[in-house]
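Quick note: numbers below take in every heavy atom, side chains included, and nothing from hydrogens, waters or symmetry partners.
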Amino acid sequence: MLGIFLGLPLPWVQLLAFVGGLLAVSLVYLLASRIRRHDPVLVLVLAGVALGTLLGAGISLLKILADPYSQLPSITFWLLGGLNGVSFADLASAAPLMLAGLLPLALLRWRINLLSLSDEEAAALGLSISRIRLLLILSATLMTASAVAITGIIGWIGLVVPHMARLLVGPEFSRLLPASLLLGASFLLLTDTLARTLAGIELPLGILTALIGAPFFLLLLARGGRSA
């Protein structure tokens, strides 16, 4: 948003989005690592919510200060997300970073299964909990920041699709990872097709994924609560 506000060219906007994503997650992890009296996963989530709210306030401030005829529409469409501005050159620049983030997940697939155990049980089996979590967070952040840098914010896919894949193939990570990749790509392709064909104008992709993803996620929560 700052890059758009300053009138920088698109490659610089994408670079700032990528670096900003890495810095935001690094700050969340740093804050969570300093608080040791509570559950580390809960602290990580709450730190992310707090920092997200702070950064959201900064975005709102930039929207108020932005020129309503040139800058504000660009900021709004970036926040809504979409594939209409993505080129093959963008994909070529983002693909190596995404593959670099995906490689540790594939190599550590057996160790990731142990994270479903308690920390004491996983440590007893020889797993370094803090190191594996840090590596997974860095890998996921690298892939997410690479995608968001060229598409804007397209929410709910990364939250809903892994749950769908888990219902289909189970929790074993060597099956869950490729299933999530295929389902996520298929869901994105389907929603993008709907966004281009449902109305006379192309709907922002982030709106459509939220309209589909949020109710489905609530359904999954309700189903999980009944089964518990």
**Message:** Restricting to non-hydrogen atoms, name the atom on L72 and the atom on A66 that form the minimum distance, rounded to 0.1 Å.
**Reply:** N-CB, 4.1 Å
Side-chain donor-acceptor contacts of residues 149-159 below 3.5 Å, not counting sequence neighbours, with atom names and distances?
unit_1: T151; atom_1: OG1; unit_2: A147; atom_2: O; d: 2.9

**Contacts of P96 that satisfy side-chain contact (heavy atoms from CB on, under 4.5 Å) - sequence neighbours left out** = none
**Request:** Is it possible for you to say whether M1 and L65 belong to one hydrophobic cluster, with membership spreading through side-chain heavy-atom contacts below 4.5 Å?
**Result:** yes
**Request:** Not counting sequence neighbours, which residues clear side-chain contact (heavy atoms from CB on, under 4.5 Å) with S70? List them please.
**Result:** D67
**Prompt:** Any side-chain heavy atom of L176 within less than 4.5 Å of one from R109?
**Reply:** no
**Prompt:** What's the spacing between L97 CG and T144 OG1 if we round to 0.5 Å?
**Reply:** 12.0 Å
**Asked** Applying the 4.5 Å side-chain criterion to the ILVMFWY set and letting contacts propagate, would M164 and L190 be lumped into a single cluster?
**Response** yes
**From L188 atom CG to T209 atom OG1, the distance as rounded to the nearest 0.5 Å** = 8.5 Å
**Request:** Name all pairs fulfilling the side chain to side chain donor-acceptor pair (under 3.5 Å) condition that reach into residues 165-184, sequence neighbours left out, sorted by first residue then second.
**Result:** N113-E172, E172-S174
Can I get a per-line list of side-chain donor-acceptor pairs under 3.5 Å for residues 194-201, giving both atom names and the distance, sequence neighbours left out?
unit_1: R196; atom_1: NE; unit_2: D192; atom_2: OD1; d: 3.3
unit_1: R196; atom_1: NE; unit_2: D192; atom_2: OD2; d: 2.9
unit_1: T197; atom_1: OG1; unit_2: T193; atom_2: O; d: 2.8

**Asked** Given side chains that start at C-beta, do those of M98 and L102 come closer than 4.5 Å, heavy atoms only?
**Response** no
Can you give each donor-acceptor pair under 3.5 Å made by side-chain atoms of residues 44-53, sequence neighbours left out, with the distance rounded to 0.1 Å?
unit_1: T53; atom_1: OG1; unit_2: V49; atom_2: O; d: 2.9

Would you list the atom pairs, donor with acceptor, under 3.5 Å between side chains in residues 125-141 and any protein atom, with sequence neighbours excluded?
unit_1: R133; atom_1: NH2; unit_2: D119; atom_2: OD1; d: 3.0
unit_1: S139; atom_1: OG; unit_2: L135; atom_2: O; d: 2.9
unit_1: T141; atom_1: OG1; unit_2: I137; atom_2: O; d: 2.7

**Request:** Please check if any side-chain donor atom of S118 sits under 3.5 Å from a side-chain acceptor atom of E121, or the reverse.
**Result:** yes
**Message:** Nearest 0.5 angstrom please: D90 CG to S87 OG, how far?
**Reply:** 3.5 Å
**Prompt:** Would L79 end up clustered with L6 when hydrophobic side chains under 4.5 Å apart are linked, directly or stepwise?
**Reply:** yes
**Item:** Qualifying ring pair (Phe, Tyr, Trp, His ring centres under 6.0 Å) pairs with a residue from residues 61-105, counting only residues at least two apart or across chains
**Value:** none
**Prompt:** Could you give the distance from CD1 (I75) to CG (L2), rounded to the nearest 0.5 Å?
**Reply:** 9.0 Å
**Message:** Please find the pair of heavy atoms, one from P104 and one from G101, that lie closest to each other, and give the distance.
**Reply:** CD-O, 3.3 Å
**Request:** Kindly indicate whether the side chain of Q71, heavy atoms from C-beta on, has any atom under 4.5 Å from the side chain of L62.
**Result:** no
**Prompt:** What's in the same ILVMFWY side-chain cluster as L211, cut-off under 4.5 Å, chained through other members?
**Reply:** L80, I207
**Asked** Quick one: do L103 and L177 end up in the same hydrophobic cluster if we chain Ile, Leu, Val, Met, Phe, Trp and Tyr together by side-chain heavy atoms under 4.5 Å apart?
**Response** no
**Request:** Could you note down all residue pairs passing ring pair (Phe, Tyr, Trp, His ring centres under 6.0 Å) where residues 161-193 supplies at least one of them, sequence neighbours left out?
**Result:** H163-F217
Show every donor-acceptor pair shorter than 3.5 Å between a side-chain atom in residues 8-35 and any protein atom, with sequence neighbours excluded, or say none if there are none.
unit_1: S26; atom_1: OG; unit_2: L22; atom_2: O; d: 2.7
unit_1: S33; atom_1: OG; unit_2: Y29; atom_2: O; d: 3.3
unit_1: S33; atom_1: OG; unit_2: L30; atom_2: O; d: 2.7

**Prompt:** What's the spacing between L91 CG and S146 OG if we round to 0.5 Å?
**Reply:** 11.5 Å
**Asked** Hey, any chance V148 and V86 share a hydrophobic cluster, counting ILVMFWY side chains that come within less than 4.5 Å of each other, even indirectly?
**Response** no
**Prompt:** Looking at residues at least two apart in the chain, or sitting in another chain, which of them share a side-chain contact (heavy atoms from CB on, under 4.5 Å) with L168?
**Reply:** L183
